[in-house]
K.L.:
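Dumping the structure here so I can ask a few things about it.
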Amino acid sequence: MTMAIEKIPTGTIAPSLLSADFARLGESIELVMDAGATVMHVDVMDGKFVPPITIGSLIVDAIRDLVKSRGGVIDCHLMVERPERQVEMFAKAGADIITIHPEATPHIHYALQTIRAAGCKAGVVINPGSPVELVEPVADIIDMCLVISVNPGWGGQKYIPSSTGRIARLRSMLPDDVVIEIDGGVSLDTVDEIRDAGANLFVAGSAVFGAADPQAAFKALAARVA
Ligand code: DX5
Ligand code: ZN
């Protein structure tokens with residue numbers, strides 16, 4: 001089991017490995033960590049909750065030493081049905097943060113409790129088509145709320161503009177110490193309004209790994225949210 005991290009890093013960009021070169025995963029991680037990245041966002045998809053199948057706990061285990069030896073944390077976004085059945089495996093593999101979708105389980109409160117019991121920070125994800133009020137029944141047992149600003153399943157989509165107002169509403173609903181993470185369509189064009197709305201951890205996939213110079217792209221985005 002992982003040692004729990006004390007605090008979720010904020011005011012930074014979490015590169016999403018979904019847009020990295022999977023044939024050179026370690027090098028891609030080293031590249032962004034050399035540029036200052038501390039949070040690696042891992043998108044886990046099961047082919048049921050969302051159509052694509054991506055990666056599982058095996059890959060988290062494979063990157064854990066690389067990420068942690070450099071002081072980084074692993075942020076696992078589980079786009080899977082019945083996530084409570086996966087929590088233990090991801091925690092053992094080295095996840096520091098685990099976020100789950102309320103639509104994926106009839107037992108969201110229990111599932112979030114399971115994440116904390118496994119020694120990880122727990123987050124609930126709010127989909128673009130779901131009411132922000134979904135957070136209310138679990139507000140006191142979460143460390144993070146992930147606002148997903150595209151429909152889950154794919155990188156490189158356009159930011160859904162109504163997400164900005166949803167971040168602001170969630171910020172006013174949640175205790176100050178609950179981190180608001182934003183995921184989807186984060187770029188130099190959208191990051192300022194997202195930050196101003198109250199988000200404090202920013203996932204970026206294609207805007208980092210899709211750039212000609214991922215290190216420069218990371219630094220330019222990170223400077224906007226520091
Ligand atoms: C989408 C994933 C995102 C994705 C974001 O289902 O949750 O983490 O990698 O990609 P970009 O930053 O390209 O929108
Ligand atoms: Zn994600």
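Source: prediction; values computed, not measured. Just so you know, ligand 1 is whichever comes first in the structure, and atom 1 is the first atom listed for that ligand.
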K.L.:
For the Zn ion (ligand 2), what is the closest N, O or S atom on H77?
P.N.:
ND1
K.L.:
Could you check whether any side-chain heavy atom of I148 comes within less than 4.5 Å of a side-chain heavy atom of P128, counting everything from C-beta outward?
P.N.:
yes
K.L.:
Any atoms of ligand 1 less than 4.0 Å from a non-hydrogen atom of H41? List them with their elements.
P.N.:
8 (O)
K.L.:
Quick one: do the S16 and D43 side chains pair a donor with an acceptor below 3.5 Å?
P.N.:
yes
K.L.:
Which ligand 1 atoms are under 4.0 Å away from a heavy-atom of A204?
P.N.:
12 (O)
K.L.:
May I have the angle between H41 NE2 and D43 OD1 with its vertex at the Zn ion (ligand 2), rounded to 10°?
P.N.:
90°
K.L.:
Which residue owns the protein heavy atom closest to atom 12 (O) of ligand 1, what's the atom, and how far is it?
P.N.:
G205 N, 2.8 Å
K.L.:
Which atoms of ligand 1 sit under 4.0 Å from any heavy atom of W154?
P.N.:
1 (C), 6 (O)
K.L.:
Can you say whether the rings of H77 and H41 are parallel (under 30°), tilted (30 to 60°) or perpendicular (over 60°)?
P.N.:
tilted
K.L.:
Checking P131 now: which residues fulfil side chain to side chain contact (heavy atoms under 4.5 Å, CB included) with it, not counting sequence neighbours?
P.N.:
E133, L134
K.L.:
Which bit of S16 is near ligand 1, meaning a heavy atom under 4.0 Å away: side chain, backbone, both or neither?
P.N.:
side chain
K.L.:
Quick one: nearest non-hydrogen protein atom to atom 14 (O) of ligand 1, plus distance?
P.N.:
G185 N, 2.8 Å
K.L.:
Checking one value in my table: which N/O/S atom of D183 lies closest to the Zn ion (ligand 2)?
P.N.:
OD2
K.L.:
As a quick check of understanding, evaluate side chain to side chain contact (heavy atoms under 4.5 Å, CB included) for Y110 and T105, giving each step before the final call.
P.N.:
CA-CA 10 Å; Y110 167 76; T105 174; over 6 Å; no
K.L.:
Which protein heavy atom lies closest to atom 13 (O) of ligand 1, and at what distance to 0.1 Å?
P.N.:
S206 OG, 2.5 Å
K.L.:
Under the side chain to side chain contact (heavy atoms under 4.5 Å, CB included) rule, what do R171 and N200 come out as? Steps first, then yes or no, please.
P.N.:
CA-CA 10 Å; R171 188 65 286 166; N200 44 7; 4.0 Å; yes
K.L.:
Would you call D75 and K121 a salt bridge, using N to O less than 4.0 angstrom?
P.N.:
no
K.L.:
Regarding atom 8 (O) of ligand 1: of the candidates L17, D183, L18, which has the closest heavy atom?
P.N.:
D183
K.L.:
Answer with yes or no whether the side chains of T164 and Y159 bring together a donor and an acceptor at under 3.5 Å.
P.N.:
yes
K.L.:
Report yes if G156 has an N/O atom closer than 3.5 Å to an N/O atom of ligand 1; otherwise report no.
P.N.:
yes
K.L.:
Got the closest protein heavy atom to atom 10 (O) of ligand 1, with its distance?
P.N.:
G155 CA, 3.5 Å
K.L.:
Atom 6 (O) of ligand 1: which protein heavy atom is closest, and how many Å away?
P.N.:
G153 N, 2.8 Å
K.L.:
Show your reasoning for whether salt bridge (Lys or Arg N to Asp or Glu O under 4.0 Å) applies to R70 and D34.
P.N.:
CA-CA 9 Å; R70 292 164 158 244; D34 283 346; 2.9 Å; yes
K.L.:
With heavy-atom distances below 4.0 Å as the criterion, list the atoms of ligand 1 near I148.
P.N.:
7 (O)
